[in-house]
Amino acid sequence: MNKATIAYIVSAATLLVAVWLGVSIGTVKIPISTFWDSSDTTASNILWKIRMPRVILAGLVGASLAISGAAFQGLLKNPLADPYTLGVSSGASVGAVVTLFFGLSIPILGTYTLPVFSMTGAALTMFLVIGFARLVDRSMKMETIILTGIIFGSFLSSILSLMIALTGEELRQIIGWLLGSVSMRGWNYIVMVLPFVVIGSFILWMNRRELNAMLFGEERAHHLGVNVKRRKFMILIGGSILTGSAVAVSGTIGFVGLVVPHMTRLMWGSDHRHLLTLSFMNGATLLIICDLIARTIISPSELPVGVITAFIGAPVFAYIFYRQRRKGAM
Amino acid sequence: MLQVDNLAGGYGKEPIVKNISFRVNKGEILGILGPNGSGKSTLLKIISGILPKQEGAVNIDGQDAAVYSQKQFAKKVAVLPQLHAHAFSHTVKDTVALGRYPHQSGLFSSWSDEDERAVTEALDYTGITRYKDTAIELLSGGEQQRVFVAQALAQEAPILLLDEPTNHLDIAHQQQLLDTIRNHAIEKGVTVISVFHDVNLASLYCDRLLLMEKGEIAIIGEPQDVIRETMIGKVYNARVKTQPHPELPKPQMTLLPEKTEESEPFNVNKEHFTVSAERVSFQVNQPLKTVSSAVVNAGLGWYRAFVNRHVDENYNCDDVKAEMSAYLEQHGYPIADTVGMMTAVTTEHAEIGEYEGDFGTVLVMVTAGVSNAVDVSQALDREQKVGTINTWVIVNGQLPEEAFIQAMITATEAKTKALQTENVKDPLTGTIATGTSTDSLLVAATQEGENLPYAGPITPLGKLIGHGVYDCTVRAIRAYKKAKGWT
């Protein structure tokens, strides 16, 4: 069995275990039989109405952030890149915080006003960033994209800070949203976010070989026959769709998009043909586990999941990093 | 195969390269040379489509390259970049496999047997099969560059473009890489266009060279037409000299550094000679440019010590060179710095003369043994015995190579005349001898002081050599005769 097959089996198995843990653990223990035996209506309701959507949403968000992080790191050839590098997430945050700040609620959208505004913010930012980068440099060099992302990101962050500074009693709500959470969202959010996850991931996956070529630089990729300009554009759009929709439904959850691709790379190598899919699975696993911890560790209270991702993820990353470097040194 | 017509282009509005037209045939290797900033890399980048062209056309297989899609172009043209670092690691095989990118299509585009064959072949050809599962960043620079050569070969394109492919490589890896590429060009009929930094490497490996100057073609042609002192000197603005390659008919050039101000003029004189029963030696502090037919360090070179060693008449040795080298070493003469000759003549009978002209002095040393004198015009088909006239001519002055040759002619003529004057006969034919069967000649010059372009008898130098060699040879023959009791 080759390394890639093992990687897929291990990743899928941990994901399944995470899903099972995610739905079964909590103030009420859910036995595995609940899946097929709905005689215990309370357990069945908790499983299907509360925990399952929460776990799936956490999984989708984690997967989106991880796969777009992997793609951005490869595209920008920068190990420090993450889904938030482009500034799209700041756009999504501004959309969400504006909704909270002004207490907006569009009648037909109702409770979905926030995610819709947030996605709109993300989409606007994406077009502005890519448009501006093209304006500066028609060939859209990686450095141009990174710098443009930083410019727009900082500008939007200052707007966020301004709104936070001007906020009174709503502060807790805004901070809570910014730290990120997947609680109490329900199936509707999943329905809302799923098309974006599918389309964005598919776009990135279509560019897996091009990403491999671009790791050696744009010029090299060009010589290998990659239509660099078009592919870059596709990857930026794909990643932005994923990031924007993830942030819109869950807030800015840090760490997953930066570190899951690195962990996956350390364990299974940086071939994007596998890296993208494996990051997708591992990102889902990590966020499901983190969310489980976030809601159980100081039960009955809940922590924002964004706090836990780094709290759990950083030591895990440190361990893998240490082990791999040691192995490489021997 | 690849034709460039009136091409112009570059980064900004002003074209960096312009009026470029040339054609490269199938299987040919074209080297692009030029000083920094002459536009050689830019030209390559325009051809490979990285930089836009402003005018003209690049034709590949008779079709304008602009009509090819990026993938189609990559099937026709592979590019080998300069060596550079990368952020994430790949295994060697995965890296080489990327060379198959242009041959794959469709969403799932599975890996075909053809792809696998091309990759395996490229790995084998570049000798990196054993590293195939190693991460490339663990390889040395030379090995990494081989991986990228393999990647370009796996592309199986009929045209290969290279941009200073041997940058940062040591000489062994340079040779390996260029040998690989040249063999590939010969075996597969691949057309190669390569930018070179090193003029000599380009000369060795290319069929034709294109020399760029300020964005235009200064000259295009075979290496011997391009690598000429005046042309290279002008385009590179450097003092150079060209010389033939020792094994191949390819010119090589070498730099002539600016001479530093000399503190003291360097002159050689009779005092530098030492004569003993075993040898005549001449030693100086600075090397002399020397041409000789000696036993050790014959040919052209720069040497500080010159030894004419006396050996027994019955001296016999299978490997004279090795024995002589051992002798020199044993007596404190560094091999790299010493020209060694042999004679059966008693070296105490060496005749040494110093002759003064307007330009400086000429030193002559002759040892002559004429028992086995030969009339060279009658020398066909007969067994030779050893007899030796060793002649050294040492000049205080600067001589070009042609003057060295003329000095040798003049010295030889003077020697022959001396034999005639002394009535030395070929014992077999009874005619006047012209020399002996194993004569040696050495001409050395300090290469300082006056410039002496010629050394034929019409010049003051030639006159002095003629006179000096004649004089010393006559005296040496007389001394020999006297020692033998012939007179």
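A note on names: the letters A, B, ... follow the listed sequences, proteins ahead of strands, and every chain is numbered from 1.
Within 6.0 Å of CD in B:Glu187 there are more than 12 heavy atoms belonging to other residues, nucleotides or ligands. Heavy atoms of other residues, nucleotides or ligands lying less than 6.0 angstrom from OH of A:Tyr8 number more than 12. Heavy-atom neighbours of A:Arg230 CZ from other residues, nucleotides or ligands within 6.0 Å: at or below the threshold of 12. Other residues, nucleotides and ligands contribute more than 12 heavy atoms inside 6.0 Å of the OH atom of B:Tyr125. Counting heavy-atom neighbours within 6.0 Å of B:His197 NE2, excluding the residue itself, gives a total of 12 or less.
Summarising the geometry, atom CZ belonging to A:Phe216 is positioned 4.5 Å from atom NE2 belonging to B:His90; distances are rounded to the nearest 0.5 Å. Atoms CD and CG, from A:Glu210 and B:Leu98 in turn, are 10.0 Å apart once rounded to the nearest 0.5 Å. Expressed to the nearest 0.5 Å, how far CD of A:Glu219 lies from CG of B:Leu51 amounts to 7.5 Å.
The greatest number of non-hydrogen atom pairs below 4.5 Å with chain B, out of A:Met206, A:Arg273, A:His223, is found for A:His223. Ranked by heavy-atom pairs under 4.5 Å with chain B, the first of A:Asn227, A:Leu224, A:Val228 is A:Leu224.
Using a 4.5 Å cut-off between non-hydrogen atoms, the part of residues 65-75 of chain B that approaches chain A consists of B:Gln70, B:Lys71, B:Ala74.
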One pair to check against side chain to side chain contact (heavy atoms under 4.5 Å, CB included): A:Lys3 and B:Asp133. What are the steps and the verdict?
CA-CA 12 Å; A:Lys3 204 173 163 186; B:Asp133 297 316; over 6 Å; no

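With sequence neighbours excluded, no residue forms a salt bridge (Lys or Arg N to Asp or Glu O under 4.0 Å) with B:Asp198.
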